[in-house]
Amino acid sequence: MNFQLTDEERMVQDTVRSFAQKELKPIASDIDKNHKIPDSIIKGLAELGLFGVYIPQEYGGAGLSFLSYAITVEEISKVCASTGVLISAHTSLCANPIYEFGTKEQKEKYLIPLASGQKIGCILLTEPEAGSDAANVSTTVKNEGDYYIANGNKIFVTNGGYKDIGILIATHDKSLRHKGIDAFILDLKSEGVELQRNEDKMGIRGTYTSVFALENIKIPKENLLGKEGEGFKIAMDCLDGGRIGIAAQALGIAEGAYEKALEYAKERKQFGKTLSEFQAIQFKLADMAMHIEAAKLLVYESAWIKDNLKNGASYNDLIIKSSMAKAYASETATYVTKEALQIHGGYGYIAEYEIERMYRDAKITEIYEGTNEVQRIVISKQLLK
Amino acid sequence: MKALLIGEYKNGHIDESFYELVGFANKIGADSFGFAVAPLDVNIEYAGKVYIADISKAKEYNPKVHKNLILKLIEQENPDIVVFSHSSYGWDLAPRLAAALKVAQISEIIDVDNDEYIVPFCNAKLRRKVKPNTQKAVLTLQAGAFSPVKSNAAQIEPLDYIEQDDNLEFQGFEITEKTGVDLTKAEVIVSAGRGVGKKENIEIVRSLAKALKGELGASRPVVDAGWLDPSYQVGTTGQTVAPKLYIACGISGAIQHLAGMKKSNFIVAINKDKDAPIAEVADVFVVADLLEFVPVLTSKLTK
Amino acid sequence: MNILVCIKQVPDMESKFKISSDGQWYEQSDLTFKINEYDEYAIEEAVRLKEKLGSAEVVALSIGPERTKEAIRKALAIGADKGVHIHDDESHKKDSFQIATIIASYAKDKNFDIIFLGMQSQDRASAQVGPILSELLGYNCITTIVSFEYQDGKVNVKRELEGGIKAKVSAKLPVVLTCQLGLNTVRYPTLPNIMKAKKKELITINVNELLNEQPRVINLKAYIPEKKKGGIILEGKSDEVADKLISILKEKTQVLR
Ligand SMILES: Cc1cc2nc3c(=O)[nH]c(=O)nc-3n(C[C@H](O)[C@H](O)[C@H](O)COP(=O)(O)OP(=O)(O)OC[C@H]3O[C@@H](n4cnc5c(N)ncnc54)[C@H](O)[C@@H]3O)c2cc1C
Ligand SMILES: Cc1cc2nc3c(=O)[nH]c(=O)nc-3n(C[C@H](O)[C@H](O)[C@H](O)COP(=O)(O)OP(=O)(O)OC[C@H]3O[C@@H](n4cnc5c(N)ncnc54)[C@H](O)[C@@H]3O)c2cc1C
């Protein structure tokens with residue numbers, strides 16, 4: 001067993017950490033308040049190569065390991081969870097399926113601009129009637145020979161507001177359930193794609209969560225990803241990897257909040273002592289650290305499995321571990337941010353201290369890319385197989 | 001023990017740091033004599049002999065020309081130690097001279113104990129005690145570490161084996177224009193260090209300066225980052241100031257910064273790191289995040 | 001053009017330092033190491049020069065234990081072409097003269113045109129290695145540079161003096177230059193370049209092959225200075241601390257009444 005990061009992974013950690021601490025941390029509160037990640041930050045992320053960490057260099061990425069990607073999302077999320085999911089949703093849910101299932105032409109046309117950060121990607125999967133039950137999508141596509149015509153409504157699209165590139169999940173025959181589902185690469189500037197609004201929400205307020213109406217949009221046939229009927233498999237496959245991204249985001253949020261709580265406990269004095277001198281607080285810190293370490297092991301191990309699928313690591317193992325990582329890390333994030341807020345007392349509740357933001361940001365990690373209930377369904381299904 | 005003390009001629013006179021070298025020589029009980037490249041009629045308040053190489057012939061500083069002059073003098077006088085101030089001149093020339101003589105060079109000495117020298121390291125958080133492993137040694141002394149000693153005019157002895165060097169060419173000086181502020185006249189200075197984190201936060205420090213009717217100052221990284229222009233910089237390569245009140249916000253207290261402000265009447269440091277070396281000179285050390293503390297202080301002062 | 005950049009790994013200066021058990025240095029375990037800040041400017045300037053010239057080779061050299069490779073890899077990721085690791089587990093015990101000797105024995109037959117170094121290291125802060133190296137190699141040397149330009153076989157630099165004054169100096173090649181804070185803004189190594197750096201050559205040489213000189217300065221001991229007491233330390237809630245500070249200022253200075 002080898003618990004060491006490679007030289008490259010350590011360097012990635014170092015680079016992303018210094019970028020996050022220097023450029024992002026000072027403005028994380030503004031990102032939350034203004035509901036927007038500044039263009040300059042997005043440009044900075046692109047220049048560093050953070051939009052395609054594990055995509056090969058020939059397709060505009062950095063060609064590093066999947067673990068480097070998890071570390072990237074973790075380090076960014078320590079200071080700004082919105083920016084963490086910007087990268088994670090873009091990479092796992094849009095660049096990844098094109099990389100895994102796209103043709104050479106599709107990769108050249110769409111993956112290069114995505115992985116190099118000129119375009120920001122998203123996935124249009126969830127619908128009002130298809131949440132956890134993703135196979136229930138009712139957005140329809142009709143094969144018209146040279147192109148497809150799509151109609152329907154999509155909600156909760158992270159990064160949708162950038163209106164660049166999306167993976168559209170739609171059905172050509174709803175009676176076939178998941179076997180009737182197709183995946184397409186969709187240019188969100190196409191005629192008929194209407195961005196209806198960006199939702200106002202509890203946390204990760206720097207990201208867009210967009211609602212789209214799709215009306216008679218024409219999708220060229222060469223934009224079909226994989227074959228007809230493979231759409232559900234493609235969507236599920238990107239969620240298998242995507243979970244690790246969200247798990248890394250949750251881990252980062254937990255670490256960021258823990259660091260703040262640790263610092264605060266050492267500074268704040270009551271009854272003539274620092275908080276860190278009270279055993280009740282010491283135990284809180286110990287529990288928080290314990291959960292974080294366990295979460296980190298799960299996240300890093302799933303990423304390692306993903307890196308080693310070609311060396312014999314098992315895909316079933318990846319499914320089960322990444323679900324565990326996602327559920328455990330997200331519950332660690334909500335738990336740790338709650339305790340960190342508690343350690344801050346009343347100040348934790350005040351926006352200026354930032355813990356309040358982290359507390360709000362943490363919750364979503366238990367919900368998206370498969371709720372934690374769904375993760376438990378996945379885990380138990382594997383166990384009972 | 002015989003010591004050769006190297007003076008620096010700057011802005012029309014021998015730099016004050018020379019008298020600290022004299023103080024050092026007295027402290028260790030060495031016989032001393034001096035050397036400088038300066039005009040032959042230069043005034044030096046030192047009770048001893050000083051060899052002067054005529055600056056009109058030697059021209060502006062060229063390391064090789066100065067090195068060869070000093071080597072010649074060493075050959076003639078055979079001193080045990082050669083002492084410089086740890087300045088841009090000293091740290092440039094001392095190592096070259098030591099290498100040419102194949103002897104030890106010890107940098108930035110702050111204290112001495114027999115033949116053993118104390119030098120700071122790790123941003124003055126630690127000290128080392130060292131000694132030369134060679135008969136002779138070349139030393140540089142931290143500015144301000146030894147008390148200056150002055151006396152009557154020195155006995156000047158001209159020195160002339162000036163060989164020119166055409167590998168290196170001096171092209172003139174560039175002087176930072178003191179456009180914005182003249183900090184040397186301010187009664188109150190509130191300075192921002194790297195701890196402010198980003199350019200916009202300078203305003204937090206500026207507001208405190210305003211509330212105290214004082215001027216804004218800065219440490220070097222703030223200037224290097226382009227957050228303020230060079231005229232705000234305090235320290236060896238900026239301005240030397242001595243206001244009635246100096247408040248350092250997010251400044252660690254590196255020697256080069258301290259050298260520019262430690263003569264202030266009253267010093268307040270605001271820093272997160274209790275161990276920051278600025279504590280050495282601070283009359284009041286506020287352990288706090290400046291981004292949080294300074295606005296509170298400012299609002300109380302403006303009330 | 002052949003360019004050499006010499007870099008050193010140093011601990012983060014905001015660390016809490018302890019003295020090592022032999023009493024000679026600081027305890028190195030538990031510290032995070034990074035590239036000496038002054039050396040980062042050196043790497044950046046070398047890479048900028050290479051980019052400007054189009055054709056040049058930048059070699060990044062570092063002396064130290066195994067961990068030093070990380071610093072070299074970072075230099076490669078910033079844009080150096082080749083790394084040289086001079087393996088020395090005891091590099092912290094070498095004095096500046098020995099370090100300069102090691103570099104000189106590596107560099108003497110390689111025809112480097114420009115050697116960039118930091119003006120000093122953040123831990124040892126002796127500011128000696130560059131000038132000693134130039135003496136050993138017989139190169140020109142300009143220290144403490146804050147601006148650099150290369151033209152027609154000459155370097156034109158600004159060398160920083162005291163009090164906001166700079167000397168403009170030009171020198172013929174070959175030349176040793178020591179870099180001062182603010183010379184440039186150092187780029188982040190990008191992720192694609194981190195990956196590319198993996199494929200760049202990094203050779204290791206044992207220090208014994210390059211050094212057979214004794215130190216000229218003997219290190220007797222290292223210690224933590226006693227805190228000069230006297231200053232008042234204020235800690236706690238901003239509101240109360242601010243009140244206390246204001247009353248102290250009213251009492252002790254004439255600027256507040
Ligand atoms: C901020 C945000 C960003 C998002 N980004 C995207 C995106 O980019 N792209 C995208 O397509 N979607 C996105 N989503 C959608 C997200 O993935 C879904 O909200 C999620 O999958 C849950 O679906 P739902 O909201 O319809 O809840 P429901 O499926 O209605 O679930 C409600 C509750 O019932 C539980 N539940 C449901 N079924 C079962 C069951 N069988 N057994 C036990 N419990 C069950 C759930 O766990 C949950 O607790 C985003 C959502 C949000 C809020
Ligand atoms: C030849 C030479 C000449 C030099 N000349 C000068 C000169 O003229 N002037 C000068 O200033 N420097 C000069 N320097 C540079 C000097 O060595 C130091 O690098 C510099 O002074 C450090 O500046 P700083 O204290 O602002 O930054 P740092 O040393 O990085 O310190 C920042 C401090 O801020 C604290 N901090 C961080 N965040 C916060 C927060 N939120 N709240 C409170 N505190 C915080 C940290 O604890 C730390 O102590 C020179 C160096 C050399 C080699």
Side-chain angles (χ1 to χ4, degrees), chain A residues 4-24 44-65 68-69 71-72 75-76 87 91 115-117 264 266-275 345-347 352-353, chain C residues 7 9-14 16 31-37 39-40 43-44 51 60 62 64-80 83 85 185-202 204 233-241 244:
Chain A
Q4 289 229 310
L5 299 181
T6 62
D7 279 356
E8 289 72 38
E9 285 157 353
R10 267 212 306 280
M11 224 187 304
V12 168
Q13 190 178 48
D14 190 50
T15 299
V16 181
R17 187 177 291 165
S18 28
F19 179 84
Q21 298 291 329
K22 279 199 208 118
E23 319 286 336
L24 203 49
L45 299 169
E47 278 166 8
L48 277 186
L50 305 193
F51 285 110
V53 179
Y54 64 89
I55 305 295
Q57 300 208 337
E58 55 178 316
Y59 294 121
L64 287 150
S65 62
S68 302
Y69 162 62
I71 290 169
T72 298
E75 290 299 332
I76 295 285
I87 295 171
T91 309
S116 57
Y264 190 79
K266 289 198 273 193
E267 276 169 16
R268 169 76 169 170
K269 273 194 178 144
Q270 286 292 283
F271 302 100
K273 288 179 178 170
T274 61
L275 300 181
Y347 297 94
E352 205 188 311
Y353 283 76
Chain C
I7 58 181
Q9 238 187 356
V10 296
D12 188 334
M13 286 303 132
E14 278 170 39
K16 206 160 177 71
L31 289 176
T32 28
F33 283 82
K34 46 185 204 178
I35 297 181
N36 179 37
E37 188 178 350
D39 302 345
E40 290 203 334
I43 301 167
E44 177 68 33
E51 286 166 351
S62 186
E66 194 60 25
R67 60 167 159 75
T68 314
K69 282 202 174 124
E70 217 176 302
I72 301 173
R73 291 241 180 260
K74 184 167 177 191
L76 294 173
I78 290 175
H85 173 218
T185 309
V186 184
R187 69 189 77 181
Y188 293 100
T190 69
L191 270 58
N193 286 341
I194 289 174
M195 193 62 199
K196 283 180 198 142
K198 195 179 168 174
K199 298 194 189 90
K200 291 182 181 172
E201 184 186 9
L202 198 176
T204 299
I233 294 179
L234 297 180
E235 254 179 299
K237 279 186 66 178
S238 295
D239 195 51
E240 290 158 20
V241 172
K244 254 185 247 167

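First the proteins, then the strands, lettered A, B, ... as listed; each starts at 1. Because the structure is a prediction, the values reported are computed rather than measured.
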Q: Among A:Leu50, A:Ile87, A:Ile71, which one satisfies side chain to side chain contact (heavy atoms under 4.5 Å, CB included) with A:Val16?
A: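 Among A:Leu50, A:Ile87, A:Ile71, the one that satisfies the side chain to side chain contact (heavy atoms under 4.5 Å, CB included) with A:Val16 is A:Leu50.
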
Q: Under a 4.5 Å heavy-atom cut-off, does chain C meet the side chain of A:Tyr347, its backbone, both or neither?
A: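 The side chain, not the backbone.
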
Q: Can you list everything that forms a side-chain contact (heavy atoms from CB on, under 4.5 Å) with C:Met195? Sequence neighbours excluded, please.
A: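 Listed in chain order: A:Gln57, A:Leu64, C:Lys198.
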
Q: Considering only heavy atoms, which portion of C:Ala197 lies under 4.5 Å from any heavy atom of chain A: side chain, backbone, both, or neither?
A: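 Contact with chain A is absent: no heavy atom of C:Ala197 under 4.5 Å.
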
Q: What closest approach, in Å, do C:Ala80 and C:Ala60 show between heavy atoms, and which atom pair accounts for it?
A: CB-CB, 4.0 Å

Q: Between C:Arg187, C:Lys34, C:Lys196, which has the largest tally of heavy atom pairs under 4.5 Å with chain A?
A: C:Lys196

Q: Pick one of side chain, backbone, both or neither for C:Lys237, based on which atoms fall under 4.5 Å of a heavy atom in chain A.
A: side chain

Q: Please determine, by modelled atom types, if C:Ser62 and C:Gln9 share a side-chain donor-acceptor pair under 3.5 angstrom.
A: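 C:Ser62 vs C:Gln9: no donor-acceptor pair found between side chains.
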
Q: Check the pair A:Ser65 / A:Glu9 against side-chain hydrogen bond (donor to acceptor under 3.5 Å, both in side chains), numbers first and verdict last.
A: CA-CA 8 Å; A:Ser65 62; A:Glu9 285 157 353; 2.9 Å; yes

Q: Taking every heavy-atom pair that is under 4.5 Å apart, which of A:Glu267, A:Met11, A:Glu47, A:Arg268 has the most such pairs with chain C?
A: A:Met11

Q: So what's closer than 4.5 Å to chain C heavy atoms on A:Thr72: side chain, backbone, both or neither?
A: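 Only the side chain of A:Thr72 comes within 4.5 Å of chain C.
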
